[in-house]
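Each remark here refers to the structure printed beneath this line.
Per chain, numbering begins at 1; letters A, B, ... match sequence-line order.
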Amino acid sequence: MVIDQYILESKGAIVVEYFANDLIFIEDEIIRYYYQIIEGKVKLNNYTNDGKEILQNNIDEGQSFGEYLLFLDKARSPVNAVAITNCKILKLPKSAFLKLLQEYPHLGLDINNSISEHIHFRNIIDKSGSQRSSHKLIALLDHLKSKQPDKAPFSFMVPLTRQEMANLTGLCVETTIKTIKKMEKDNLLKIVNRKIYY
DNA sequence: TCATTAAAGTTAT
DNA sequence: ATAACTTTAATGA
């Protein structure tokens with residue numbers, strides 16, 4: 001989801017700078033802004049009781065995050081938003097954001113689309129039961145690649161560490177590594193000096 | 001099949 | 001150098 005910066009600023013958005021590892025908002029906070037990254041990377045995460053990180057999503061330059069919380073009245077954030085790198089982020093107050101949506105109805109559709117996509121992604125990954133680790137990883141890779149223009153096999157360099165892939169899928173790193181190796185043997189992906197191509 | 005533990009190798013800061 | 005990430009292997013649920 002991306003909204004033009006000038007439109008956002010004309011509605012009162014301000015630019016805020018964060019340093020790597022800064023918390024932008026945290027678990028249990030009530031979200032009062034629409035956030036859109038101008039520069040940098042952000043992650044949404046939370047932690048299990050025993051301290052394992054669950055990565056909900058990595059947000060790249062140009063993308064927004066946490067929008068869905070603005071449609072819920074009293075909901076508290078289930079996730080932390082953490083700057084991965086130094087960031088410049090546009091913040092638009094909730095009320096102005098909602099007004100903006102009335103003014104530009106097609107934005108509502110775009111937002112529905114990006115929110116739905118993410119829910120779909122999570123549902124596929126989280127389907128436990130009969131799921132194999134390879135299915136989760138394939139779901140993750142398909143999801144990432146679906147945002148890319150180039151659909152050719154092995155054309156997509158996966159911009160994630162194995163650690164991050166593990167945290168996104170809920171698998172442990174070792175399983176992730178082993179499964180990826182196996183997938184390479186099965187010609188589902190390629191590895192060129194540790195980078196994964198899908 | 002996968003998590004966990006441990007130990008060692010590799011890469012990035 | 002030191003931390004962060006990757007890999008291999010053994011063990012157990």
In this structure, how many angstroms lie between the [atom2] atom of [N] and the [atom1] atom of [X], rounded?
X	N	atom1	atom2	answer
Lys195(A)	dA12(B)	NZ	P	7 Å
Lys136(A)	dC2(B)	NZ	P	9 Å
Lys182(A)	dT8(C)	NZ	P	15 Å
Lys178(A)	dA3(B)	NZ	P	10 Å

*Within 45° cone and under 6.0 Å: Lys145(A) NZ/CZ vs Tyr198(A) ring*: yes
*asked:* Suppose clustering is done on Ile, Leu, Val, Met, Phe, Trp and Tyr with side-chain heavy atoms closer than 4.5 Å. Which residues sit in the same group as Ile177(A)?
replied: Val173(A)
*Answer with yes or no after comparing the ring centroid distance for Tyr35(A) and Phe25(A) against a 6.0 Å cut-off, counting only values under it.*
yes
Might you confirm whether atom [atom1] of [X] has over 12 heavy atoms from other residues, nucleotides or ligands at distances under 6.0 Å?
X	atom1	answer
Lys151(A)	NZ	yes
Lys147(A)	NZ	yes
Asp73(A)	CG	no

Please produce a list of atom pairs where a protein N or O lies less than 3.5 Å from an N or O of nucleotides 3-7 of chain C.
residue, atom, partner, partner atom, Å
dT6(C), OP1, Arg162(A), N, 3.1
dT6(C), OP2, Arg162(A), N, 3.2
dT6(C), OP2, Gln163(A), N, 2.9
dT7(C), OP2, Arg162(A), NE, 3.4
dT7(C), OP2, Arg162(A), NH1, 3.1

